[in-house]
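Okay, here's the structure, questions in a sec.
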4 protein chains.
Amino acid sequence: MAEVAVLGATGYTGIELVRLLNAHPDAEAVFLSSDSNPGKKISEVHPQFSGQVDLVLEPMQVEKIPGSVEVVFCALPHGSSAGTVAELLKQGFRVIDLSADFRLKEADLYREWYKLEHPQEQLLKEAVYGIPELYRSEIAGARLVANPGCYPTSTILALAPLLNISPAYAGNIIIDAKSGVSGAGREPKQPFHFPECSENFKAYRVASHQHTPEIEQELSRLAGEPVMLTFTPHLVPMIRGILSTIYAGPIRSNHEIELNAIYSDFYENSPFIRVLKPPALPETRLVRGSNYCDLALKVDQRTDRLIIISAIDNLVKGAAGQALQNMNIMFGLEESLGLEHLPC
Amino acid sequence: MAEVAVLGATGYTGIELVRLLNAHPDAEAVFLSSDSNPGKKISEVHPQFSGQVDLVLEPMQVEKIPGSVEVVFCALPHGSSAGTVAELLKQGFRVIDLSADFRLKEADLYREWYKLEHPQEQLLKEAVYGIPELYRSEIAGARLVANPGCYPTSTILALAPLLNISPAYAGNIIIDAKSGVSGAGREPKQPFHFPECSENFKAYRVASHQHTPEIEQELSRLAGEPVMLTFTPHLVPMIRGILSTIYAGPIRSNHEIELNAIYSDFYENSPFIRVLKPPALPETRLVRGSNYCDLALKVDQRTDRLIIISAIDNLVKGAAGQALQNMNIMFGLEESLGLEHLPC
Amino acid sequence: MAEVAVLGATGYTGIELVRLLNAHPDAEAVFLSSDSNPGKKISEVHPQFSGQVDLVLEPMQVEKIPGSVEVVFCALPHGSSAGTVAELLKQGFRVIDLSADFRLKEADLYREWYKLEHPQEQLLKEAVYGIPELYRSEIAGARLVANPGCYPTSTILALAPLLNISPAYAGNIIIDAKSGVSGAGREPKQPFHFPECSENFKAYRVASHQHTPEIEQELSRLAGEPVMLTFTPHLVPMIRGILSTIYAGPIRSNHEIELNAIYSDFYENSPFIRVLKPPALPETRLVRGSNYCDLALKVDQRTDRLIIISAIDNLVKGAAGQALQNMNIMFGLEESLGLEHLPC
Amino acid sequence: MAEVAVLGATGYTGIELVRLLNAHPDAEAVFLSSDSNPGKKISEVHPQFSGQVDLVLEPMQVEKIPGSVEVVFCALPHGSSAGTVAELLKQGFRVIDLSADFRLKEADLYREWYKLEHPQEQLLKEAVYGIPELYRSEIAGARLVANPGCYPTSTILALAPLLNISPAYAGNIIIDAKSGVSGAGREPKQPFHFPECSENFKAYRVASHQHTPEIEQELSRLAGEPVMLTFTPHLVPMIRGILSTIYAGPIRSNHEIELNAIYSDFYENSPFIRVLKPPALPETRLVRGSNYCDLALKVDQRTDRLIIISAIDNLVKGAAGQALQNMNIMFGLEESLGLEHLPC
């Protein structure tokens, strides 16, 4: 039983880590930190855990983490996470960081999109971008895994096989993404107050969302040339789930079957990617609570545009589930261990 | 007080007509038909009307409509509506048809997209497409108004000023539209069963929705050349509202201000179109229950793409409200009469 | 056109007042205050008003209110409202106070349930409790109307005819009430954060909600003897609406028809109370956005218990709509003026 | 690995059984029947299962069930289930029946509440009522377990310890219960059409719900005398969950602590019952997807009424989860095996 720690255990990503770890056969959370509720049991803050997870929340101090811990999950806000990660590495811990701090390779991009000087620029090069379907071998030996954002997971997985076969599609990508409200975090704010987001639908941060450069970085690497795309996030009145509708092209309509085969091959050894058989289409409820990413491809025969649709649970494959998948790989375990539960 | 009739009064479009007519100062519903509930009071089928609208529902027979009726609203299913409309016109009634039967000018397109021979092809030419913001003068004198679909209303209004200034934008349009569930009608079906569409988001009829040719027809007319676009509808877990995110371009980013001015000018005399001042963005709750169409324009400075976002209430501006707006124009009344209520 | 002012215009009660006043034929809001957004247009804070209500929000200073104002609606938090009301009265304004400050006749009860010394105890006697169905004549001449709470409106209207015929039912009343989330106000808080109240149902403040003494006060007056009851509020994942299920008795089952007649008679001249014909039952959607209170009576034939169910829109009949109904009466207008719109 | 069969595998109870069995370490579904979709894979009807559960759905014929099957779960409609169960028993299968057919011991009550002659009256005596917390030893050896209804589970568990200590509380029980929409089953019907139950709350089958006699039967047995109570179900706009608010009494307020101890003792060896420490209160989200039943007790100090609140997931502890718990006991396994997953 590997021992792990979760820093920032009471946010939505934190409690999803706790939930999933509790069902994991070979890993166990032995240390949980929370600066908002130190000294309380996690089951007092989140009573769904009562009877099973009753660990006391510790203040966020690296020196309190037991030396027996093999991986630390850092679910702290971006900006403040980087310093903690640096300290953890110095103490010899392996780290899976769920913040945005180590996802971008270029400190300049971090500054531009997050409006912050990067606090630990020297670690950017070492950090492995934690999409197992693309970086399995690098993750296996990594000291620091930068767990991807929810939107990037949903869209990079949808586009990777396409850009892998040809950079020709790089210039013409539009991502229209839709997320449930838990993606905004646990802190109450006006736009996420029930009476203002229930029975409502809207776009936000149009052409300016901070996940844009993260998506472009990974797609550029796959395409072998710079990808610059349009990304529009929307808020859906549901708790969990991201559905991304992605437009690319041009592509000839008779290539739909071929493309499906390319995608199926690309993800042949990736147990969490389900390339749907046409005409099936993804729905967020069909992946809810699970680590699956469902994908469908459709060519608009009239306009030769390729439409790719992907669905994930933003808190699982888009955050905590993917983090455990990375942990499994780091530990040399079966990638899907503890993550095989069905959607619910 | 002008007398009007509503055929198909118990569906969602029908009851929205009844609701809005009840608040109209110069028009009154005197005849309601329903083949599913003939003989019952409408307030027995829809108890929200109790105490105010207690008309008895008649079976659908044109000869039962009082001769004093000045306009008949036809909220019948497509395919079956056309024959009734023909009969109504023969009897001398003016008609606002809320079905899809008279929206497309080409019978071939109707056959292709609705999988039906058009039952009254000879009337297609006469029918006026009922978007008041584009066809005010034609509507004023029309015998037959084809009330637009909900998605077409939302998207044509969003694109009309753009294509009006130049056909250059015609070739590169993608519409990613999201609708509340009432758009699917009142008949219970599996995909709209609460446990299957609540806490869920999905695309449907990708690149194959029957509203596509209606949108293209009107945009082609405005552009002066054929428009062929990609249209992807989605289902949002909310009752009312359509938000359309539309991609066009390329456009230089410094044209954002200019474009906003063009839009504001285009809709200067259209009381229900609100061109939002940047950086405000439409939300469906901000138009819920009202006849407004909110529009926002944003140029993605990195990719030179134009993003247009529009929000309407699918049952009001997307159906019954627009029908009343058309009626007002046909009667020579103020366009906004009885439709000034605020969103709720 | 009577001029009125709304203090606290940007909270949910405030904007509902603004919405309803905008549709009122004989009254007009000429002064809106907001301490959170002074200097902004209300349509900047609440864009649904754009194009129709563009008044600038003033800071809350009584001396800024134009002398031409005939009634001031006070939608301020309890505790702080009382002082403002006193000042308004001193300046000669008539006041409809939507806070809890003047609803309880006993300052002791206020202290006990609101944990505050009453700031203006001397006004308690003069304040008229603003349920028009019970206090029409007193409201007509009142200087100060205490607009009832949402739960009390829903439950007092449901029980008034029963306790009016006999105090026998006073001793055995249980109220199990369920409210939409807008009842909690507009300030974002953890329990009303979308991911924590969507797809969730719970009770709160069990047997300790501050609306309890308000309900008991009015029912005691009707019964002619002290009523002490159990009140359990619950939170429903919807925006608007209160449904109260009330248990009383014992009553013999053959009295159901008789009781329905008593209720119908009691509310004969009350246009907003709809006593449903059995077996119809209230639903919150059937009153949504309207000023109706729907009531149904059912005797459990096996246990001789009377079950009364009532449904209102908490923001309309439970707050702003009732306030306008009171205003109409104070102005000598038709009680239902400007409030006849149908549910939506 | 014990082999089991699920009859009626595509309804909500059926797919919940499949979901839970898939995660069970010692049991495996080897036979699934569906009369609505015979010949299809279950993952074609319910794509969330893709990649993990791809069994082909069989038509409902007892002779097709492999002899190696140790327990058959019958998730068929009431009325039609009884005959199948009789045949299964004849073939030597042990059966857990999730319909209502074998829950009531009196065929008369079945006739009265289900409007049907009982098709297999002779089996009523043998059937064991499947609440493990009350009937563990009987379940262990049972051939036929009648799995309880969702409302009865929620309310019997809430009242059992109380009636166990004294029949004094039997005469004065009111149950006000609220259920998510999945409780109504998977067949689309008007009241469960999204636009009619979202943003809505209502009571239904007031004082006439068919679960009433089931609740009374079990409480009467515990009390040792006939219990007759009032039961009011309500529909909540959420997918899963039942919260029951139960009124009993009179009870002196200083007994709250004592009662909590009695409840904790009663459920000491019941891993799925969580008696909450005051002032914590149950919420349906805190048990969602899990087999927990959360309970809280509160005495209304002003009226000496006891208020008991319970929360379950109607599809898990209220149906499929409890069925697996029963199966575990029948197999001599740990009661909680395969059911320890946390709420989600």
Side-chain angles (χ1 to χ4, degrees), chain C residues 171-180 191 195-208 212-213 216 228-232 234-247 249 253 279 281-286 288 296 298-307 309 311, chain D residues 171-180 191 195-208 212-213 216 228-232 234-247 249 253 279 281-286 288 296 298-307 309 311:
Chain C
N172 210 4
I173 295 170
I174 292 171
I175 299 170
D176 193 283
K178 299 89 174 176
S179 174
E196 314 218 351
C197 64
S198 178
E199 187 65 10
N200 190 29
F201 188 85
K202 66 170 180 178
Y204 66 101
R205 294 198 207 168
V206 176
S208 59
T212 310
E216 289 179 345
M228 192 170 288
L229 48 76
T230 294
F231 174 58
T232 318
H234 299 75
L235 191 67
V236 186
M238 63 183 181
I239 302 174
R240 287 163 175 258
I242 288 179
L243 190 119
S244 296
T245 311
I246 303 170
Y247 302 91
S253 61
L281 291 173
E283 306 186 27
T284 60
R285 72 181 173 106
L286 300 176
R288 196 183 191 277
K298 169 96 183 164
V299 177
D300 182 354
Q301 305 200 348
R302 304 163 65 256
T303 63
D304 288 348
R305 280 201 190 88
L306 172 63
I307 304 166
I309 300 178
Chain D
N172 210 4
I173 295 171
I174 292 170
I175 299 170
D176 193 283
K178 301 90 175 175
S179 175
E196 314 217 352
C197 64
S198 178
E199 188 65 12
N200 189 29
F201 189 86
K202 66 170 179 177
Y204 66 100
R205 296 200 206 168
V206 176
S208 60
T212 311
E216 290 178 345
M228 192 170 288
L229 48 75
T230 294
F231 174 58
T232 317
H234 299 75
L235 191 67
V236 186
M238 63 182 179
I239 301 174
R240 288 163 175 258
I242 288 180
L243 191 120
S244 296
T245 312
I246 302 171
Y247 302 91
S253 62
L281 291 173
E283 307 186 25
T284 62
R285 73 181 171 105
L286 300 176
R288 195 183 192 277
K298 171 95 184 167
V299 177
D300 182 353
Q301 307 199 346
R302 303 165 64 255
T303 62
D304 288 349
R305 277 199 193 92
L306 172 63
I307 304 166
I309 300 177

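Each chain gets a letter, A, B and so on, in the order the sequences are listed, and its residues count up from 1. What's counted below: heavy atoms across the whole structure, side chains too, no hydrogens, waters or symmetry copies. Computed from a predicted model, the values in this text were never measured in an experiment.
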Problem set entry | For chain D, the option from Val236(C), Thr212(C), Thr230(C), Leu281(C) that forms the most heavy-atom pairs under 4.5 Å |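 Going by pairs under 4.5 Å, I would pick Thr230(C).
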Exercise. Which of the residues Lys178(C), Gln301(C), Met228(C), Arg240(C) is involved in the greatest number of heavy-atom pairs with chain D at under 4.5 angstrom?
Worked result: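 Heavy-atom pairs under 4.5 Å are most numerous for Lys178(C).
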Exercise. Any salt bridge between Glu196(C) and Arg285(D), counting N to O under 4.0 Å?
Worked result: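 So Glu196(C) pairs with Arg285(D) through a salt bridge.
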For this session: Can you tell which part of Ser198(D) gets under 4.5 Å to a heavy atom of chain C, answering side chain, backbone, both or neither?
Result: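 For Ser198(D), there is no contact with chain C at all, as no heavy atom is under 4.5 Å.
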Exercise. How about His234(C) and Leu243(D): do any of their side-chain heavy atoms sit closer than 4.5 Å?
Worked result: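 SC-SC contact between His234(C) and Leu243(D) confirmed.
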Problem set entry | Structural part of Val206(D) lying under 4.5 Å from a heavy atom of chain C |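 The answer is both parts of Val206(D).
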Problem set entry | Contact winner vs chain C - Ile174(D), Leu235(D), Leu286(D), heavy-atom pairs under 4.5 Å |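 Option with the greatest count: Ile174(D).
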Exercise. Given that the side chain runs from C-beta out, which part of Leu229(D) has a heavy atom under 4.5 Å from chain C: side chain, backbone, both or neither?
Worked result: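 The answer is the backbone of Leu229(D).
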Problem set entry | Side-chain donor/acceptor of Asn200(D) to backbone N/O of Thr284(C), under 3.5 Å |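 Indeed, once roles are kept as given, a pair shorter than 3.5 Å links the two residues.
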For this session: Report the C-alpha distance between Met238(D) and Met238(C) in whole Å, list the side-chain angles of each, state the deciding distance to 0.1 Å, and finish with yes or no for side-chain contact (heavy atoms from CB on, under 4.5 Å).
Result: CA-CA 9 Å; Met238(D) 63 182 179; Met238(C) 63 183 181; over 6 Å; no
Exercise. Checking heavy atoms, do the side chain of Ala203(D), its backbone, both or neither come under 4.5 Å from chain C?
Worked result: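 Both parts, heavy atoms under 4.5 Å.
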Problem set entry | Distance-minimising heavy-atom pair for Glu283(C) and Lys202(D) |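 For Glu283(C) and Lys202(D), the tightest heavy-atom pair comes out as CD-CD, 3.5 Å.
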Exercise. Checking heavy atoms, do the side chain of Ile239(D), its backbone, both or neither come under 4.5 Å from chain C?
Worked result: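 It is both, since atoms from each part get that close.
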Exercise. Contact part of Arg305(D) toward chain C, heavy-atom cut-off under 4.5 Å: side chain, backbone, both or neither?
Worked result: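 Contact with chain C: side chain only.
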Exercise. Side chain, backbone, both or neither: which part of Asp304(D) has a non-hydrogen atom closer than 4.5 Å to chain C?
Worked result: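 When you check distances to chain C, no heavy atom of Asp304(D) falls under 4.5 Å.
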Problem set entry | Partner chain D: residue of Asp176(C), Asp300(C), Ile242(C) with the largest heavy-atom pair count (under 4.5 Å) |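 Among Asp176(C), Asp300(C), Ile242(C), the one with the most close pairs to chain D is Asp176(C).
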Exercise. Can Thr245(D) and Thr232(C) be counted as having a side-chain donor-acceptor contact under 3.5 angstrom?
Worked result: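 Judged by distance alone, the side chains do not pair up.
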Problem set entry | Heavy-atom contact with chain C under 4.5 Å, split by part of Arg288(D) |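 It is the side chain, since no backbone atom gets that close.
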For this session: Using non-hydrogen atoms and a 4.5 Å limit, figure out which bit of Pro282(D) sits close to chain C: side chain, backbone, both or neither.
Result: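 For Pro282(D), the backbone is the part near chain C, not the side chain.
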Exercise. Considering only heavy atoms, which portion of Tyr247(D) lies under 4.5 Å from any heavy atom of chain C: side chain, backbone, both, or neither?
Worked result: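 Side chain of Tyr247(D) only, per the 4.5 Å heavy-atom cut-off to chain C.
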